[in-house]
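Worksheet: the structure to be examined is printed underneath.
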Amino acid sequence: MQHNLELAVKKGFKEIYDKEIDTVEFQATRKDFEGDITIVVFAFLRYVKGNPVEIGTKIGEYLKLNVAEVEDFNVVKGFLNLVISDSFFISSFNSILKTDKFGIIEPKENEKAVMVEYSSPNTNKPLHLGHIRNNLLGYSVAEIIAASGKKVYKTQIINDRGIHICKSMLAWQRFGNGETPESTGLKGDKLVGNYYVKFDQEYKQEIAQLISEGKTEEEAKKQAPLLLEAQAMLLKWESGDAEIVNLWKTMNQWVYTGFDETYKELGVDFDKNYYESNTYLLGKDVVADGLEKGIFYKKEDGSVWIDLTEEGLDEKIVLRSDGTAVYMTQDIGTAIERFKDYDLNELVYTVGNEQDYHFKVLFLILEKLGFDWAKNLYHLSYGMVDLPSGKMKSREGTVVDADDLMLEMTNTARTISQELGKLDGYADDEKEALYKTIGLGALKYYILKVDPKKRILFDPEESVDFAGNTGPFIQYTYARIQSILRKATFDYTVEITSEDISLHSKEISLIKQIQLFPEVIQNAAKNHSPALIANFTYDLVKEYNSFYQTVPILGCENENEKIFRTQLSLKVSIIIKDAFKLLGISVPERM
RNA sequence: GGUGGCAUAGCUCAGCUGGAUAGAGCACCUGCCUUCUAAGCAGGCGGUCCUAGGUUCGAAUCCUAGUGCCAUCACCA
């Protein structure tokens, strides 16, 4: 439509003013003016001198005469508002109605894929609210990119080695009395997390003790026996000490079992897991290679660095003096590994904005090393989730636990649903499944509707809303449409044309909103932003509810109108479902 | 101190590549359930778009400087 108009406007300018126009600027007509699409006339003043109203009027007249769909026009200041005919909207809707998976593009064969990394937890503690944001974002962005027409692989790199896990292991050895998830009934990740906290408590006591014996705080922190022991344990692990490796395997397995449960509840999954214990040695040979090429340089003590001062950054270490790898080394190696493992073109890292600098450096290094895909690496950087009390800290127990939070959301959904009491005839297990759908819908929407890069302040005291711009509001609209469709026992598969009906303004608004969906998906994929999908869906639902409340659907006197409105409802519900799927949110048949 | 991000209604957030009188939700106030589910709809109240300059026919949006909050600048991850 826009394309046709653009051509017509260009042609009109040629005929009226004998001028070539490069582009025509369109926007949706604001609600308070008459019309459907607006051409910004100001932009033409570059080509033709004169009064914008006059120019707008001439172009308007030309379009009305030469473009069938343009029924009428009006000019307000420098804005040319065009009224588009019903027949355009009706035939546009008909083709949308016929399109299965409208707006969603299937990945092409033989095209290179995108890998999305998210979650990537440490194995010493349970997942918390921060991980929830990470998981929801990563999962959703992967879904969105897939819907935009690309093959996607979801992955995570599990931080299963290092001093942090040794701390949990040591505390368990010391104070655990052989506790297991089975013996305690605790989820494995919770049990291990408890020992991580236990370590910290005991460690702090030792520090206090040392300070009272006259050490400085700094000395005490470095000399506390527990820490020294944990470090010794790490060395043993690295040398392959059987007992330590066994303990490590056992405790990690506890954690994985716990994580799997949380991931399942949250509704996220992965195509491939990478483990740091397998990758932490990667990248060293690449560093050697880069050293030879002169990209890196060696300091006197043997450590290897890269100088990025010309790029406005610092010098960065890529290999320790003892030859061991740092985080950066490993990330270089892992990235290369992934491009070997899969036929990739892009790689998205879902990691908090505290690591902006790290990724900037990583991408730059890979580019300097000459990997042509380095320009297609993207750090999906998101803001922290803070509590009113400040930052969440696992060691201090000031975290909102992921499992607890999901449970609470389900409980809230249960309470509200029971108060409303609309679920007569539902079996108990159906009800429970529904509470989960609604509770998680509320949580996921709450987190995904905000721009990833902004920080979220989460107040556990104030529960997440279930009314207004929320997940349940949108789910509710879906359920209401399903109710209508259940009652629509007539045949509504026949095609309605502009011969049969004329459109209500609410129907036009609704069709206009529907038309945006494909573009929104592409935009969301390009910007890595589920928030765009959320906002679109909310607008769609608002339009629909207004339509629903204003005009009768099943109660229509006119058969053709009844059919058309049922079709509209059906398509809106499908788009709600598809859009929410991109956010990882499911929709209920009733609520 | 250097670098990066953020700043819009009392609160939580939209605002696409600059375009009309800056939009939603929550909260507060008014109406609407004998009609398709009121987790809804219609309306009201509420704004120096952090500040000051600049570019432009036109700036919440772009540029510069400043202020505030956050992050980051380790042979930690």
Tell me what [X] touches on the nucleic acid: a base, only sugar-phosphate, or nothing, going by heavy atoms under 4.0 Å.
X        : answer
A/Met591 : base
A/Glu543 : nothing
A/Asp451 : sugar-phosphate
A/Ile438 : base
A/Tyr357 : sugar-phosphate
A/Gln355 : base
A/Ala479 : base

Legend entry - A/Tyr378 and A/His528 aromatic ring geometry - parallel, tilted or perpendicular at 30°/60° bounds: parallel

Legend entry - Most 5' of A/Phe466 and A/Lys453 on RNA chain B, judged by nearest nucleotide: A/Lys453

Legend entry - A/Ile481 vs A/Pro452, nearer the 5' end of RNA chain B by closest nucleotide: A/Pro452

Within 45° of the axis and under 6.0 Å from the centre of the six-membered ring of [Y], does NZ or CZ of [X] qualify?
X        : Y        : result
A/Lys299 : A/Trp305 : yes
A/Lys562 : A/Phe490 : yes
A/Lys19  : A/Tyr47  : no

Output the rounded distance in Å from [atom1] ([X]) to [atom2] ([N]).
X        : N      : atom1 : atom2 : result
A/Leu510 : B/rC41 : CG    : P     : 13 Å
A/Arg161 : B/rC76 : CZ    : C1'   : 12 Å
A/Tyr280 : B/rC76 : OH    : C1'   : 17 Å
A/Leu313 : B/rA74 : CG    : P     : 12 Å
A/Lys391 : B/rA71 : NZ    : P     : 6 Å
A/Asp386 : B/rG5  : CG    : P     : 19 Å
A/Leu308 : B/rU3  : CG    : P     : 16 Å
A/Leu516 : B/rG15 : CG    : P     : 14 Å

Legend entry - Distance between C1' atoms of B/rU8 and B/rA59 (Å, rounded): 14 Å

Side-chain donor-acceptor pair under 3.5 Å between [X] and [Y], yes or no?
X        : Y        : result
A/Lys431 : A/Ser417 : no
A/Glu315 : A/Tyr297 : yes
A/Asn545 : A/Arg480 : yes
A/Asp539 : A/Asn535 : no
A/Tyr382 : A/Asn134 : yes
A/Thr412 : A/Tyr435 : no

With the side chain of [X] defined as its heavy atoms from C-beta on, choose the nearest nucleotide among [options].
X        : options                : result
A/Asn523 : B/rA77, B/rG5, B/rC16  : B/rC16
A/Leu532 : B/rA77, B/rG15, B/rG5  : B/rG15
A/Arg320 : B/rA42, B/rU37, B/rC76 : B/rC76

Legend entry - Closest heavy-atom pair and its distance - A/His131, A/Pro126: CE1-O, 4.2 Å

Legend entry - A/Asp36 with A/Lys512: basic N within carboxylate O range, under 4.0 Å: yes

Inset, instruction - Salt-bridge test for A/Glu217 and A/Lys221: reply yes if a basic N is under 4.0 Å from a carboxylate O, no otherwise. - result: yes

Legend entry - Secondary-structure notation, RNA chain B, from Watson-Crick and G-U pairs under 3.5 angstrom (| other strand): (((((((..((((.....[...)))).(((((.......))))).....(((((..]....))))))))))))....

Legend entry - Glycosidic class, syn or anti, of B/rC33 using a 90° window around 0: syn

Between the protein and nucleotides 29-36 of chain B, which nitrogen or oxygen pairs come in under 3.5 angstrom?
| residue | atom | partner | partner atom | Å |
| --- | --- | --- | --- | --- |
| B/rC36 | O3' | A/Lys487 | NZ | 2.9 |
| B/rC36 | O2 | A/Leu554 | N | 2.9 |
| B/rC36 | N3 | A/Ile553 | N | 3.2 |
| B/rC36 | N4 | A/Tyr548 | O | 2.5 |
| B/rC36 | N4 | A/Val551 | O | 2.8 |

Please produce a list of atom pairs where a protein N or O lies less than 3.5 Å from an N or O of nucleotides 18-26 of chain B.
| residue | atom | partner | partner atom | Å |
| --- | --- | --- | --- | --- |
| B/rG19 | N7 | A/Glu25 | OE2 | 3.1 |
| B/rA20 | N6 | A/Thr38 | OG1 | 3.0 |
| B/rA20 | N6 | A/Asn81 | OD1 | 3.1 |
| B/rA20 | N1 | A/Asn81 | OD1 | 3.3 |
| B/rU21 | OP1 | A/Lys77 | NZ | 3.2 |
| B/rG23 | OP1 | A/Arg30 | NH2 | 2.5 |
| B/rA24 | O2' | A/Tyr538 | OH | 2.5 |
| B/rG25 | OP1 | A/Lys542 | NZ | 3.2 |
| B/rG25 | O2' | A/Asn469 | N | 3.2 |

Legend entry - A/Lys316 side-chain N/O to B/rC73 phosphate OP1/OP2 under 4.0 Å: no

